[in-house]
J.: 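Below is a structure I'd like to ask you about.
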Number of protein chains: 2
Amino acid sequence: MGSIFSDRITDVPKSFIREILKVTNEKDIISFAGGLPNRKLFPVEELKKATLKVFENEGRDALQYNTSEGDLGLRKWIVERYSKNQNIDITPENIIITTGSQQGLDLLGKTILNENDNLIIEEPGYLGAIQAFSLYRPRFHPVPVNENGMNLEVLKQVIENNRVKLCYTVPNFQNPSGITYTDENREQVANIIGNTDTILIEDNPYGDLRFKGSAKKSFFTFMPKNTVLLGSFSKTIVPSFRIGWLVADESLIEKLIIAKQASDLHTNYFCQKVICHFLEDADIDAHIRKITESYGKQRDSMVQAIRKYFPDSVQFTQPEGGMFLWVSLPAHISAIDLFHKAVAEKIAFVPGDPFYINKTNVNTLRLNYSCVDEETIEKGIRIMGKVLQDFI
Amino acid sequence: MGSIFSDRITDVPKSFIREILKVTNEKDIISFAGGLPNRKLFPVEELKKATLKVFENEGRDALQYNTSEGDLGLRKWIVERYSKNQNIDITPENIIITTGSQQGLDLLGKTILNENDNLIIEEPGYLGAIQAFSLYRPRFHPVPVNENGMNLEVLKQVIENNRVKLCYTVPNFQNPSGITYTDENREQVANIIGNTDTILIEDNPYGDLRFKGSAKKSFFTFMPKNTVLLGSFSKTIVPSFRIGWLVADESLIEKLIIAKQASDLHTNYFCQKVICHFLEDADIDAHIRKITESYGKQRDSMVQAIRKYFPDSVQFTQPEGGMFLWVSLPAHISAIDLFHKAVAEKIAFVPGDPFYINKTNVNTLRLNYSCVDEETIEKGIRIMGKVLQDFI
């Protein structure tokens, strides 16, 4: 008699991050390992007001079961925002409110992927996406990303030699690398993908958190039929509500709604209404400016400290937004080995390994700056620099 | 080039209920078709108090990302409740907070089912479970349920001839039939399943809503290793929060947590804390008594009206709790045909079809009484009785 478990769950690796966080949750550690927004910037008072307003205005209507697609008012707000900020033309019928954008990944896997279907993912890529898609047992094709975006040669080759169903990207302030695709790179990626039936997923949780440079064009503007957009309020308003969304062409949406309904019927409706009132009454853009101002300073102080304390042989990205930067050590150095030395000195980060498909002992690592104040960043990077010097 | 969709989503039928609700949402219709708790009974004021308390006590802690397992305090409360009410001995480590108990079904499918694995489901069975499991493409084995519980002969045969991975049950006030398994039937089911490695899912969203008779033993007390429990606050406190839970043996829980994490990272944490404060400050048992008192009266008035207005050739269940009763028409009558006649007279119900695997034009139907007041029940059943008389 075989295992009681499905093959899909047997294949999925234990969450590396989960294991790492066990080590790094000690109190006196300086952690660049997290991936959380800064809790000091949560709009607590505005959310409280919005919550009270739900009790006043919607009352018991906000407490009943609701539709799988999600609140129409919220979907309308999202439509308007896409139109205003990104010149993207969609209707509320293109949108499903999801339980965080993480659920968008699960729904896409469920709806699109058969076992061994081909899927492109950035290298390095978001580990939550690797985990979500792994459960549908695709054939992963990692395509390297660099400071300009996707490696077009590799992308072209994979698309030419395989029928690729999904191509997963985080083109703005990527997790883990912090890089942003140039407009030129986006256009070229769209030229390669736009005349296939591959669906490109533009996962964009950080897009609003730009503190430098200018906004880039969405893949949707180049190839609307081939693009699925994922968005989230987790990084701009509040993570614990688990409210994100998915935008898809009408040819996909009905089956995605069936998958949504089978997965959890619908997303917390009460909190959807709280977000609606927040968006009506608070100034979301002013709030976002507060966040980006803070993250921008934290990012600057990390970049300056790295320049000052890290050996010259170490390379790093200089993100224009988001929460992460990416460090490449000299080729022979294992980031996991460095991690153990650093933890002994009370410094934590995420070694690059979980962001790759089938690569281990890589020489790269992710640093988060959104949750650590400028002084502590300076101190942490200084100590980490010393560990690095000793190590190299 | 084949379809962009996965085989699993192509197989899943459109939600029948979704289609029906389109017809029955008109304003002047008397609908026994819904499956919603009565909104008049939502504890709005207590929930508002609990919500304010979250802002006061937890503040920004309740707004940050949290663990995939769910809030420890909430899991402890669930542990104590099982111990007190059902003599079930578990620890918080056996529990995952899920996005409604619907998500429990998805996580179990994800974690356990390979394509063509054998799965037992009650006939008639909960259509949300049929939908959730369908996505994992099992071989369904429907086992009929009657007023005593499962048909033991059929169950024994299926178990003897197949390696069955999951057996899905709603043993208390079943959806759709309203029946409750007797203690004897439970013991006999446990005798058949307990020495296999089949996992029995005891989905129990209505168990607390008993208005007659005495509580029955959980399958867990007969075979803890083989039983997974699903629970929910949707029918006792508030549906829109989408907060349920899953209880599983330690041998299963780690992989279920991985599946949970991949699906949506974690369930809305803010509302988990609201529920915690509600449970601390409000009297949940008094609140449940209010619900059962009301549903008990509504059930009585439906049973009396059926006795009075339906032809004698029509059979029906007499539930001791929950929200539904089940009507069996004479064998040659199609409930869908009746549905169309009834809708013309502004009466709606759910024809039995979606509760069966591969059976159509059945002679059974589900009536909901939780959302309709006693007078309207009397009126609706009277009209339906007339339609029935004409039809038969």
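Being a predicted model, the structure only gives us computed values, none of them experimental. Naming convention: chains lettered A, B, ... in sequence-line order (proteins, then strands); numbering from 1 in each chain.
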J.: So for B/L108, is it side chain, backbone, both, or neither that comes closer than 4.5 Å to the heavy atoms of chain A?
T.: neither
J.: In plain terms, say whether B/D61 and B/K273 are close enough for a salt bridge, that is, a side-chain N and a carboxylate O under 4.0 Å apart.
T.: no
J.: So does B/S370 get a backbone contact from the side chain of B/N38, meaning a donor-acceptor N/O pair under 3.5 Å?
T.: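 A pair under 3.5 Å: yes.
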J.: Using only atom types and a distance under 3.5 Å, with no angle test, would you say the side chain of B/S134 pairs donor to acceptor with the backbone of B/I130?
T.: yes
J.: Flag the one option from A/I112, A/L36, A/V44 with the top tally of heavy-atom pairs under 4.5 Å to chain B.
T.: A/I112
J.: Measure A/A129 against the heavy atoms of chain B and call it side chain, backbone, both or neither at under 4.5 Å.
T.: neither
J.: Is a side-chain N or O of A/R163 found less than 3.5 angstrom from the main chain of B/G2, in a donor-acceptor match?
T.: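 Between the backbone of B/G2 and the side chain of A/R163 there is a qualifying donor-acceptor contact (under 3.5 Å).
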J.: Please classify the contact between B/L63 and chain A as side chain, backbone, both or neither, with a heavy-atom cut-off of under 4.5 Å.
T.: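 Contact with chain A: backbone and side chain both.
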J.: For B/K255, check side chain to side chain donor-acceptor pair (under 3.5 Å) against everything at least two apart and list the hits.
T.: none
J.: Could I get the full list of side chain to side chain donor-acceptor pair (under 3.5 Å) partners for A/Q272, not counting sequence neighbours?
T.: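 For A/Q272 there are no side chain to side chain donor-acceptor pair (under 3.5 Å) partners, ignoring immediate neighbours.
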J.: To check you understand the geometry: which heavy-atom pair defines the closest contact between B/P43 and B/I237, and what is its length?
T.: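 That closest heavy-atom pairing would be CD-O, 3.4 Å.
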J.: So which of A/G100, A/S240, A/P37 has the largest heavy-atom pair count under 4.5 angstrom toward chain B?
T.: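 Between A/G100, A/S240, A/P37, the count favours A/S240.
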J.: Need one label for B/N66: side chain, backbone, both or neither, based on atoms under 4.5 Å from any heavy atom in chain A.
T.: neither
J.: Between chain A and each of B/D264, B/I199, B/T99, count heavy-atom pairs under 4.5 Å; write down the option with the most.
T.: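 If we count pairs closer than 4.5 Å to chain A, B/D264 comes out on top.
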J.: With a 4.5 angstrom heavy-atom cut-off, is it the side chain or the backbone of A/I4 that approaches chain B, or both, or neither?
T.: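 Its backbone and side chain both get close to chain B.
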J.: Side chain, backbone, both or neither: which part of A/T51 has a heavy atom under 4.5 Å from chain B?
T.: side chain
J.: Go through A/D7, A/T267, A/L47, A/T98 and name the one with the most non-hydrogen pairs under 4.5 angstrom from chain B.
T.: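 Option with the greatest count: A/D7.
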J.: Please state whether the side chain, the backbone, both or neither of B/S251 comes within less than 4.5 Å of a heavy atom of chain A.
T.: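 It is the backbone, since no side chain atom gets that close.
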J.: Of all of A/E115, A/R39, A/E45, A/Q103, which one pairs up most often with chain B through heavy atoms under 4.5 Å apart?
T.: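 Top count of heavy-atom pairs under 4.5 Å with chain B: A/R39.
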J.: Specify which of B/Y269, B/F270, B/F55 makes the most heavy-atom pairs with chain A at under 4.5 Å.
T.: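 That would be B/F55.
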J.: Between chain A and each of B/L52, B/I243, B/L105, B/L107, count heavy-atom pairs under 4.5 Å; write down the option with the most.
T.: B/L52
J.: Report the option among B/V54, B/L166, B/L252 that has the most heavy-atom pairs separated by less than 4.5 Å from atoms of chain A.
T.: B/L252
J.: When you measure from the side chain of B/N226 to the backbone of B/T198, do you find a donor-acceptor pair of N or O atoms at a distance under 3.5 Å?
T.: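 Yes; at least one donor-acceptor contact below 3.5 Å.
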J.: For A/L256, is it the side chain, the backbone, both or neither that has a heavy atom under 4.5 Å from a heavy atom of chain B?
T.: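 Interface part for A/L256: neither.
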J.: Please flag which part of B/D117 lies under 4.5 Å from any non-hydrogen atom of chain A: side chain, backbone, both or neither.
T.: neither
J.: Does A/H287 use its side chain to pair, donor to acceptor, with the backbone of A/T236 at less than 3.5 Å?
T.: yes
J.: Any side-chain to backbone donor/acceptor pair from A/Q102 onto B/S263? Under 3.5 Å, distance only.
T.: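 Between the backbone of B/S263 and the side chain of A/Q102 there is no qualifying donor-acceptor contact (under 3.5 Å).
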J.: Has the side chain of A/S6 got a donor or acceptor atom that lies under 3.5 Å from a matching backbone atom of B/L113?
T.: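 Not a single qualifying donor-acceptor pair exists.
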